[in-house]
Chemist: 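If you scroll down you'll find the structure; I have some questions about it.
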Amino acid sequence: MTKQSSSKFHRVLLGSAAVLTLAVAPAYAATQGLEPVAVSAGVATAPPSLMPVPASVSLPAGALPLSGGITILWDQKPSALLSRAADRFTQRIDALAGRVLPQQKDLAGPATSIPVHIQVGEDRDALTVHAKENYSLHVNASGVTLTAEGPDGVLHGLATLAQLVTRGENGPQLAFAEITDSPRFPWRGIMIDTSRHFMAVSTLHRQLDAMELLKMNVLHLHLSDGTGFRVESKKFPELTEKGSHGQYYTQRELKDLVAYAADRGIRIVPEFDVPGHALAFLLAHPELAAQSPVNPEPKNKNNAALDPTIPGTLRFVRKLYAEMGKLFPDAYFHSGGDEVDPREWMKNPKIVSYMKDNGFATPQALQAHFTAEVQKVLADQGKIMVGWDEVSEAPIPKEVVVDVWRSSKFLASASADHHPVIVSAGYYLDLLQPAAQHYLVDPYDPAANGITREQADKLLAKGGRPDLVNAFLKEPAPAPLTDEQKQYILGGEAPLWSELVTDEMLDARYWPRAAAIAERFWSPVSVRDVNDMYRRLAVVNTELQITGLQAQANTHRMALRLSPGNADPVEWLASATVPLRNYVMNRYVSHRDNALDEIGEVTSPDPFQTVRFSMLVDQYVAGDHSVAPALKAQMQIWRDNDAAFQQVATARGLSEAVPTSHNLAVMAGAGLNALNGHKKKLSASDKKVFDQEDTLINSSADVSGSFSGTSFPAGGLMIVAEPALRKLVGL
């Protein structure tokens, strides 16, 4: 493909994206009771892409020109936090509007800035789960009025105001709006695993900036695990000397990070996992190990556990938590408690004897006892304990917050026992599932996430541990939550475990999928239109890149590294493919010497190019043939890209994906033939390609096949465009 033809295709596709946006926008407007926005000149445009959708929103026709910028006017003198928030907002508005600074004088006269009047009350509960986060926003011909009961509401209102920036016929503008808003849940977070792959402070800053724009308010930092302990400890310096590989945060860096987050209305909740996932601890303190001697390089670094029966373990936890708690002033402290391998304890005769002498019939009972002791330690230090849902399998203090991850059913049992609950099940971004799948999981639904009985039986037949398999089982489905149980659901988090996520990859693996999850935590339950979510998500993703996120820049650099001088063939193949899902990618990478510099790391779990293509196919099949040129343009690119990809795919990391590239070309060619009216029947070999890829896509959701086998598709990729192409050819 020549550069000229590639450029032409880009223009056609950009046009198709615009057509898609305008085609979908009225559906969104109807869903929300809105009319399509009209700019002041009377030219119809798509409505602003608000995400999360506010609780109540009206978008009347009209907009204010942004050529003169904005002027913040406070009802009373703002706090230092709010002054800094106003400065960030102004910078973001300038970036979104494309205002070049310093502003040049307008020969026709100075442009008038938009007045933004802000009224804010005092909130003693700011930056807590009890914060007053509601706000109202009015944008009309007189300017902007933002009213909030506390600083958190101001931050959220400014985030929404930034999303009202659109481009009209005469340039950037601020859309008219009448909005009254408040969150559905007070706990709306993401979890970053810094143990398995260390993340730079600047990378964490970018995630916090993105969280502010999406109204997320909790950063759960996973700071210790088998792979590494990531915090400077002055009481236990040996933890970083022996368990960090030289990669850790200083206490000064973490205090600054906490302040950086607080400025953006975000609390940081640390996690130091006990009694399992303890290898990094035990490299420094082998005397606390359940199994001795401590193997520094075990096959599974997650299994090593502390011995909960010796006094030294609790003394260690008390001193460590006291020191770490001072770095993180939030009321909540995550102590882990997940995946304790019972064999670590049951193979130790002293632990078995202790259990017998103290009446602990099972490892779960012993862990419940240890959890209660840890909860007392944290309570004495003024902290509220959070633990993964394993801690709830035996009676524990009611104050312990249960972080549900294995199956949604645990939010039913935990809330029935009057435990506060955080829902992570259904939001695991490292499963590499599409945004739509996470988007439809509701935090109140105890049957939303888990494995079926059929999948469980397959796992058991492969030798899976019954206790583990049954924990993930979602059948029979629990009864819906009662109103009383719902009161215990604090909200949710989107975790991203970083076995396959480097610092360079983090932005793209979180965003924009986490934005869709943010909407689930904030917006009314009735906001569930997947197509409209994707329409808005594409725009919000662009806004995130403009205001500082480096997902697209980093991904492009990775593609250039694989194919120096010509990344286009790599990126076009990536536009139609996704990495293997549900931890199959973990096995693929482990069989590739754990290399994280291949095309599978460039691909997105949710490529917008294919999302748009699939929506256009649906329109075409429904009778709208005006989208045919856009469909043809995309399929021509995928068909012709095969030759270009084969030219650049000469080395490891790309060469394995050549068969996938060829299969995409075959299917795109068949789609073009169908669209051009060619009635030629598919050859047996072409149909085999469709069926092979279709089977792969359909089986990717079955986790029962995720934990065994060594046969993988070419390049570790699946052609996610296959279902839409199959629909076009009539299969």
Side-chain angles (χ1 to χ4, degrees), residues 191-208 219-261 268-274 276-289 293-306 316-317 319-328 334 336 430 496-507 509-510 550 554 557-558 561 586 589-590 592-597 601:
M191 188 222 74
I192 299 180
D193 172 15
T194 66
S195 176
R196 291 171 177 84
H197 275 101
F198 185 71
M199 308 297 170
V201 171
S202 58
T203 300
L204 299 180
H205 283 176
R206 291 197 303 275
Q207 313 319 307
L208 290 164
L219 173 57
H220 169 182
L221 271 184
H222 186 77
L223 292 162
S224 72
D225 212 299
T227 314
F229 181 84
R230 302 302 185 191
V231 182
E232 174 192 20
S233 173
K234 298 184 184 300
K235 291 186 177 180
F236 300 103
E238 63 276 9
L239 289 174
T240 50
E241 291 171 3
K242 298 180 180 180
S244 74
H245 311 286
Q247 294 181 310
Y248 61 91
Y249 305 105
T250 67
Q251 295 198 1
R252 180 71 266 167
E253 285 175 326
L254 287 174
K255 288 178 180 177
D256 290 345
L257 184 69
V258 167
Y260 189 95
I268 295 186
V269 175
E271 180 185 354
F272 296 93
D273 203 345
V274 295
H277 290 269
L279 180 61
F281 290 146
L282 300 177
L283 292 177
H285 288 277
E287 73 278 5
L288 304 180
V294 175
N295 181 358
E297 292 293 335
K299 183 178 180 180
N300 188 335
K301 292 187 177 181
N302 297 329
N303 287 346
L306 295 165
F316 168 76
V317 170
K319 291 180 181 178
L320 179 67
Y321 280 11
E323 182 183 20
M324 297 298 110
K326 292 177 182 177
L327 300 177
F328 299 96
H334 206 304
D430 53 300
L496 180 68
W497 300 101
S498 66
E499 287 94 341
L500 304 187
V501 184
T502 64
D503 184 281
E504 185 179 40
M505 296 166 59
L506 190 70
D507 290 24
R509 284 296 188 247
Y510 265 115
Q550 294 181 10
N554 287 353
R557 181 172 59 249
M558 293 163 67
R561 195 161 57 230
N586 296 60
V589 171
S590 69
R592 303 279 300 163
D593 300 324
N594 294 309
L596 289 177
D597 197 17
E601 283 68 60

Chemist: Using only atom types and a distance under 3.5 Å, with no angle test, would you say the side chain of Ser195 pairs donor to acceptor with the backbone of Ser224?
Modeler: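 Flag not set: sc Ser195 to bb Ser224 has no pair under 3.5 Å.
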
Chemist: Identify the heavy atoms of Asn295 and Leu279 that sit nearest to each other, and give their distance.
Modeler: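 Shortest heavy-atom contact: O-CD1, 3.6 Å.
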
Chemist: With sequence neighbours excluded, what pairs up with Asp430 under the salt bridge (Lys or Arg N to Asp or Glu O under 4.0 Å) test?
Modeler: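 Not a single residue meets the salt bridge (Lys or Arg N to Asp or Glu O under 4.0 Å) criterion with Asp430.
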
Chemist: For Glu601, is there an ion pair with Arg561 - N to carboxylate O distance below 4.0 angstrom?
Modeler: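 Salt bridge flag = no for Glu601 with Arg561.
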
Chemist: Can you list everything that forms a side-chain hydrogen bond (donor to acceptor under 3.5 Å, both in side chains) with His285? Sequence neighbours excluded, please.
Modeler: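 Only Glu238, Glu287 meet the side-chain hydrogen bond (donor to acceptor under 3.5 Å, both in side chains) criterion with His285.
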
Chemist: Step by step, work out the side chain to side chain contact (heavy atoms under 4.5 Å, CB included) result for Leu257 and Tyr249.
Modeler: CA-CA 10 Å; Leu257 184 69; Tyr249 305 105; over 6 Å; no

Chemist: Counting C-beta onward and ignoring hydrogens, is there a side-chain heavy-atom pair between Pro296 and Leu283 closer than 4.5 Å?
Modeler: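 In short, these two side chains touch, coming nearer than 4.5 Å.
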
Chemist: Who are the side-chain contact (heavy atoms from CB on, under 4.5 Å) partners of Lys234, not counting sequence neighbours?
Modeler: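 side-chain contact (heavy atoms from CB on, under 4.5 Å) check on Lys234 returns Glu232, Gln251, Glu323.
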
Chemist: Once rounded to the nearest 0.5 Å, what's the spacing between atom CG of Leu596 and atom CE of Met558?
Modeler: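 Going from CG on Leu596 over to CE on Met558, the span is 8.5 Å.
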
Chemist: Kindly determine whether Arg509 and Leu506 satisfy side chain to side chain contact (heavy atoms under 4.5 Å, CB included), including the steps that lead there.
Modeler: CA-CA 5 Å; Arg509 284 296 188 247; Leu506 190 70; 5.7 Å; no

Chemist: Partners of His245 by ring pair (Phe, Tyr, Trp, His ring centres under 6.0 Å), sequence neighbours excluded?
Modeler: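 In terms of ring pair (Phe, Tyr, Trp, His ring centres under 6.0 Å), with neighbours along the sequence ignored, His245 is linked to no residue.
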
Chemist: According to side-chain contact (heavy atoms from CB on, under 4.5 Å), who are the partners of Asp256, at least two apart in sequence or on a separate chain?
Modeler: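 Checked Asp256 against side-chain contact (heavy atoms from CB on, under 4.5 Å); matches are Arg252.
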
Chemist: Return the minimal non-hydrogen interatomic distance between Ala595 and Val589, and the atom names on each side.
Modeler: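 Of all heavy-atom pairs spanning Ala595 and Val589, the closest is O-CG1, 3.6 Å.
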
Chemist: If every non-hydrogen atom of Leu282 is compared with every non-hydrogen atom of Ala305, which pair is closest and at what distance?
Modeler: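 For Leu282 and Ala305, the tightest heavy-atom pair comes out as CD1-O, 3.6 Å.
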
Chemist: Residues two or more places apart in sequence or in another chain: which of them pass side-chain contact (heavy atoms from CB on, under 4.5 Å) with Ala200?
Modeler: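 For Ala200 the side-chain contact (heavy atoms from CB on, under 4.5 Å) partners, ignoring immediate neighbours, are Ser202, Thr203, Asp503.
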
Chemist: Checking Asn554 now: which residues fulfil side-chain hydrogen bond (donor to acceptor under 3.5 Å, both in side chains) with it, not counting sequence neighbours?
Modeler: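 Asn554 satisfies side-chain hydrogen bond (donor to acceptor under 3.5 Å, both in side chains) with Arg557 only.
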
Chemist: To the nearest 0.5 Å, what is the distance between CE on Met199 and NE2 on His205?
Modeler: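 The CE atom of Met199 sits 15.0 Å away from the NE2 atom of His205.
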
Chemist: What is the distance from atom CG of Leu496 to atom CD of Gln207, rounded to the nearest 0.5 Å?
Modeler: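 So the CG of Leu496 and the CD of Gln207 are separated by 9.0 Å.
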
Chemist: Would you indicate whether the side-chain heavy atoms of Phe316 and Val274 approach each other to under 4.5 Å?
Modeler: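 Result no, sub-4.5 Å side-chain heavy-atom pair not found.
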
Chemist: Among residues at least two apart in sequence or on other chains, which ones pass side-chain hydrogen bond (donor to acceptor under 3.5 Å, both in side chains) with Arg196?
Modeler: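 Applying side-chain hydrogen bond (donor to acceptor under 3.5 Å, both in side chains) to Arg196 gives Asp193, Asp225, Asn302, Glu499.
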
Chemist: Starting at CE of Met324, measure out to CG of Leu223 and round the result to the nearest 0.5 Å.
Modeler: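 One finds 9.0 Å between CE of Met324 and CG of Leu223.
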
Chemist: Using the side-chain hydrogen bond (donor to acceptor under 3.5 Å, both in side chains) criterion, which residues pair with His220? Sequence neighbours excluded.
Modeler: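 His220 satisfies side-chain hydrogen bond (donor to acceptor under 3.5 Å, both in side chains) with Glu271, Glu493 only.
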
Chemist: Is it true that Phe236 and Phe281 have ring centroids separated by less than 6.0 Å?
Modeler: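 No: the rings miss the under 6.0 Å criterion.
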
Chemist: Would you name the heavy atoms of Asp507 and Arg206 that are closest together and state the gap between them?
Modeler: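 Closest heavy-atom pair between Asp507 and Arg206: OD2-NE, 2.7 Å.
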
Chemist: Can you name the residues that form a side-chain contact (heavy atoms from CB on, under 4.5 Å) with Val258, not counting sequence neighbours?
Modeler: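 Testing Val258 for side-chain contact (heavy atoms from CB on, under 4.5 Å), a comparison that skips the adjacent residues, returns Ile268, Phe328, Pro329.
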
Chemist: Report the residues that fulfil ring pair (Phe, Tyr, Trp, His ring centres under 6.0 Å) with Phe272, sequence neighbours left out, ordered by chain and then residue number.
Modeler: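 Here the qualifying residues are Phe229, Phe333.
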
Chemist: Which residues pass the ring pair (Phe, Tyr, Trp, His ring centres under 6.0 Å) test with His222, not counting sequence neighbours?
Modeler: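 Once residues adjacent in sequence are excluded, the partners of His222 under the ring pair (Phe, Tyr, Trp, His ring centres under 6.0 Å) criterion are Trp497.
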
Chemist: What are the two closest heavy atoms between Val294 and Ala289, and how far apart are they?
Modeler: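 Shortest heavy-atom contact: CG2-CB, 3.6 Å.
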
Chemist: Just do the side chain to side chain contact (heavy atoms under 4.5 Å, CB included) check on Ile192 and Tyr510 with the steps written out, would you?
Modeler: CA-CA 9 Å; Ile192 299 180; Tyr510 265 115; 3.3 Å; yes

Chemist: For Gly243 and Ala280, work out which heavy atoms get closest and say how close.
Modeler: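 Shortest heavy-atom separation between Gly243 and Ala280 comes out as O-CB, 3.9 Å.
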
Chemist: Going from CG on Leu219 to CG on Leu208, what distance comes out if it is rounded to the nearest 0.5 angstrom?
Modeler: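 CG of Leu208 is found 5.5 Å from CG of Leu219.
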
Chemist: How about NZ on Lys319, more than 12 heavy atoms from neighbouring residues, nucleotides or ligands closer than 6.0 Å, or not?
Modeler: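 No, NZ of Lys319 has 12 or fewer neighbouring heavy atoms, counting only those of other groups under 6.0 Å.
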
Chemist: Give the intermediate values and the outcome of side chain to side chain contact (heavy atoms under 4.5 Å, CB included) for residues Met505 and Ser498.
Modeler: CA-CA 10 Å; Met505 296 166 59; Ser498 66; over 6 Å; no

